[in-house]
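To start, the structure under review is shown below, and the notes come after it.
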Amino acid sequence: MRRIVRAVGGWFDSRLKVRESVMPMLEHPIPAGAAGPKGWWYVFGSASITLLLVQIATGIGLALVYVPSTDQAYASLEYLNYRQPLGWFLRSVHYWSGSGMVVMVAVHMTQVFLHGAYKYPRELTWLFGVFLLLLTLGMAFTGQVLRWDADAYWGVGVGAAMAGRVPVIGPAIVELLIGGQTIGAATLSRFFALHVFVLPGLLLALVGGHLWLVLSKGISEPPEPGQPVDPKTYDAKYHELLKTGKPFLGDAMSKDALFSSLVVIAVVVIAALAGPKGPHGLPDPVLTGANPRPDWPFLWLFGLLSLCPPGLETFVMLVFPGLLVVGLLLVPFISNHGERAPSRRPVAVMAVTVAATTLAVLSYAGATAPWSPVMEAWSKDPVPVEMVRRSGPLELQGAAVFQNKDCRNCHALDGVGGRRGPDLTDVGTRLTHNQLIDQVSNGTPGGGNMPAYGKKVNPAEMEALAAFLGSLRPPGQPPARVAAP
Amino acid sequence: MTRRPSLPTLALLLLAGGCTPPGKPTPAGPSRPDEVTDFRTLYATNCAGCHGADGNLGPGPPPNDGLFLRIVADAELLKVITDGRPGTPMPAFDHGKGGPLTTRQVKIIAEGLKPTWGKPDPSGDPPGYALAPGGDAGRGMAVFARACAGCHGDRGQGGGSVDGRPVGAVNGPAFLALSSDQVLRRYIITGRPDLGMPDYAGTAGRPADFEPLDARDVADLTALLASWRTAPAGK
């Protein structure tokens with residue numbers, strides 16, 4: 001049996017020359033340092049590719065069922081979720097593996113940046129990497145659109161509105177992107193084509209180029225303080241280093257394989273535990289209760305756009321992302337030589353720390369979106385029982401007015417409700433009866449965030465409301481009073 | 001030699017064979033808010049804000065009150081949820097009246113209250129729910145002294161206490177302006193059991209020889225409270 005297999009294999013190999021061409025690639029030497037314990041730093045790139053393969057496999061599976069038409073997309077996802085055996089799991093793995101891919105690409109890039117691995121002679125490898133990051137995010141965005149729920153619909157809306165701000169050619173870009181003047185059937189078809197053909201094609205081509213560069217320029221040695229890169233001498237030094245190198249097919253490959261396996265196991269476990277994302281709510285612009293949120297890779301942008309002052313919007317939408325991309329592309333040209341070790345590159349470490357903190361904070365802000373009123377809070381969030389228990393008849397009416405006039409949509413009680421305005425759980429210790437009436441009637445002085453409700457609340461309602469709010473004090477706390485002059 | 005199935009194969013078999021991991025989505029409810037037809041969901045999203053998570057201990061009159069559900073007519077429940085009570089914080093919920101719910105959903109809420117919170121408690125002979133005309137405010141004062149003054153003060157100015165918590169006034173113009181005669185009558189009959197206020201027959205805070213209020217007492221008390229109003233309800 002074995003003899004037959006060997007004979008058949010030999011027949012093919014004598015024509016395909018796989019052994020001659022592929023084996024040297026697998027056995028190419030890598031610096032000894034990268035094969036030791038420090039080799040664990042080098043596993044993130046291969047994990048990204050592993051997840052890309054998972055995405056391709058699960059993506060094909062999904063494409064067999066998914067119908068990219070506006071009237072059937074949502075239903076086909078529901079079919080996958082509830083009726084197709086393990087359809088939900090396929091969707092779940094695709095979502096979580098995609099999320100994992102964004103994470104792995106970001107971690108890989110951070111590692112390369114911190115270790116100065118983008119320096120001479122690997123500048124082009126870095127440039128390919130930047131475009132791979134952009135394509136990965138492009139896949140995340142177009143994938144979100146294919147979900148064709150409220151998040152998707154409004155996500156495209158926001159994206160198109162941003163593109164529409166481009167001077168002169170803005171409207172043309174929007175038309176190209178959404179296939180017309182409005183979001184509709186053509187929009188979904190375009191995003192389907194982008195997600196399934198265009199972006200994956202580019203992604204695979206760039207991955208090929210990226211890998212070719214990794215092979216041709218070699219894997220960077222682990223950085224050592226005091227061993228700066230000098231483009232004039234680096235090649236010779238690296239050549240010297242490889243004389244004691246280890247073949248890739250060995251320790252390094254095992255580490256890659258082990259880590260990738262762990263990542264896939266993690267994705268599968270998370271997919272089984274957390275389940276697929278959405279679809280959440282029909283993409284119907286008539287449904288005003290929609291509360292759309294972008295997927296997590298874009299929450300930071302959502303947070304940034306929501307928090308930036310109106311005057312800065314165009315800059316934040318159009319110039320700022322451009323600056324970010326140009327900045328990333330320029331990295332290897334700003335410093336392609338010198339120290340590589342993070343301990344000798346405080347600015348690089350600082351840049352990563354600041355970037356990561358900023359992204360985390362903006363993402364958190366985007367996820368919680370305290371600036372959005374909670375539109376159903378007035379009818380859905382009960383007045384805290386303790387407040388009801390200590391209220392008299394007038395205060396109870398005031399609490400009902402508080403709910404009925406939508407105050408709760410912006411103001412939380414005991415942390416529940418909107419967070420656009422301050423939590424009013426103990427407002428009675430801060431504002432007197434008259435100050436409360438003034439605040440509700442006239443809104444924030446000088447035209448701030450709170451609108452004036454004077455004309456929407458009648459005197460009896462105002463009296464009851466102020467009585468309720470004035471009673472909101474921790475036990476034993478006296479009511480607010482005007483300080484003596 | 002028998003081969004043991006690998007871990008991934010086992011996991012897949014488990015997934016396929018009916019084992020439900022927490023991530024498996026259950027068929028979602030209706031995807032449009034106007035298609036929701038579950039009473040609990042409709043109540044939680046539309047009523048709980050004012051009437052409490054479990055139908056009591058909210059600022060609004062509690063629907064989770066066996067006595068109330070016993071005396072109130074089905075048609076009245078449907079009407080008040082459809083139209084709201086103008087002048088009070090109770091808004092209209094029917095689309096046709098500018099509310100957020102379909103006529104069908106309003107009906108589901110109205111018809112779900114009694115099966116959910118009604119109690120098979122036929123004891124006693126409570127006065128009827130519907131407003132009765134011809135109440136005598138003058139006689140109501142005497143009823144008030146007997147039934148209410150112990151906690152709410154002799155002129156409804158408040159001042160007593162229940163379980164150590166002060167009892168508020170019921171004679172204030174704002175309170176009365178926001179309270180319809182109907183809700184005053186309802187409170188006189190049902191009390192607020194969730195907040196310690198006795199019903200028409202309860203004895204808490206009342207004289208030892210207290211007799212349950214009859215239909216006339218309730219009408220007179222309602223007339224008395226209405227007479228304290230300085231402006232028509234809702235103004």
Side-chain angles (χ1 to χ4, degrees), chain A residues 74 78 81-83 85-86 88-89 91-92 96 149 265 268-276 279-282 284 287 289 376-383 385 387-405 408 458-468, chain B residues 7-8 11-12 14-16 21-28 31-34 44-54 56-61 84 87-91 93 100 152 158 163 165-170 172-179 187 192 194-196 231 233-235:
Chain A
Y74 195 89
E78 289 193 315
N81 263 9
Y82 309 128
R83 299 181 50 198
L86 288 181
W88 68 272
F89 190 62
R91 285 198 64 226
S92 192
W96 289 105
D149 54 7
I265 289 172
V268 167
V269 169
I270 294 172
L273 294 180
H280 299 300
L282 287 170
D284 185 345
L287 298 178
E376 312 84 33
W378 72 276
S379 62
K380 142 176 105 56
D381 292 338
V383 175
V385 168
M387 292 180 186
V388 172
R389 280 190 204 279
R390 64 175 189 239
S391 290
L394 180 63
E395 289 80 12
L396 288 176
Q397 288 289 31
V401 170
F402 182 81
Q403 299 286 116
N404 181 36
K405 296 292 175 186
R408 193 73 182 272
N458 69 35
E461 288 167 339
M462 185 68 83
E463 190 63 28
L465 185 58
F468 169 64
Chain B
L7 208 60
L12 265 181
L14 276 175
L15 280 175
K24 183 172 184 182
T26 43
S31 38
R32 298 180 61 95
D34 55 7
T45 45
N46 294 284
C47 319
C50 287
H51 293 285
D54 194 36
N56 56 18
L57 290 170
T88 78
M90 174 73 186
F93 277 87
H152 288 291
D163 303 337
R165 291 176 284 117
V167 176
V170 289
F175 165 71
L176 290 169
L178 294 172
S179 302
Y187 278 146
R192 283 272 327 226
D194 52 343
L195 297 178
K235 292 283 164 5

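It should be emphasised that the depicted structure is a prediction, and the values quoted were computed from it without experimental measurement. Quick note on labels: first sequence line is chain A, next is B, and so on, each numbered from 1.
Taking Val401(A), Val388(A), Leu394(A) one by one and counting their heavy-atom pairs under 4.5 Å with chain B, the maximum is reached by Val388(A). When each of His280(A), Arg83(A), Arg389(A), Glu463(A) is checked for heavy-atom pairs under 4.5 Å with chain B, Arg389(A) comes out on top. The candidate with the highest count of non-hydrogen atom pairs below 4.5 Å against chain B, out of Ser92(A), Pro393(A), Ala399(A), is Pro393(A). Of the listed residues Ala464(A), Pro276(A), Pro279(A), the one with more heavy-atom pairs under 4.5 angstrom with chain B than any other is Pro276(A). Considering only heavy-atom pairs separated by less than 4.5 Å from chain A, the leading option among Leu195(B), Asp34(B), Asn46(B) is Asn46(B).
Closest approach of Pro91(B) and Pro89(B) over heavy atoms only: CD-O, 3.0 Å. In terms of heavy-atom proximity, Pro21(B) sits nearest to Ala272(A) at CB-O, 3.4 Å.
Interface residue Glu461(A): backbone and side-chain heavy atoms are both found under 4.5 Å from chain B. For chain B, no part of Pro85(A) is nearby; none of its heavy atoms comes within less than 4.5 Å. Within the 4.5 angstrom heavy-atom criterion, only backbone atoms of Asp381(A) (N, CA, C, O) approach chain B.
Remark: side-chain polar atoms of Ser379(A) are paired, donor with acceptor, to backbone N or O of Thr45(B) under 3.5 angstrom. Put simply, the side chain of Gln403(A) never gets that close to the backbone of Ala400(A): no donor and acceptor are under 3.5 Å apart.
With sequence neighbours excluded, the residues forming a side chain to side chain contact (heavy atoms under 4.5 Å, CB included) with Ala274(A) are Trp96(A), Ile270(A), listed by chain and number. For Ala53(B), the side chain to side chain contact (heavy atoms under 4.5 Å, CB included) partners two or more places apart in sequence, or in a different chain, are Pro382(A).
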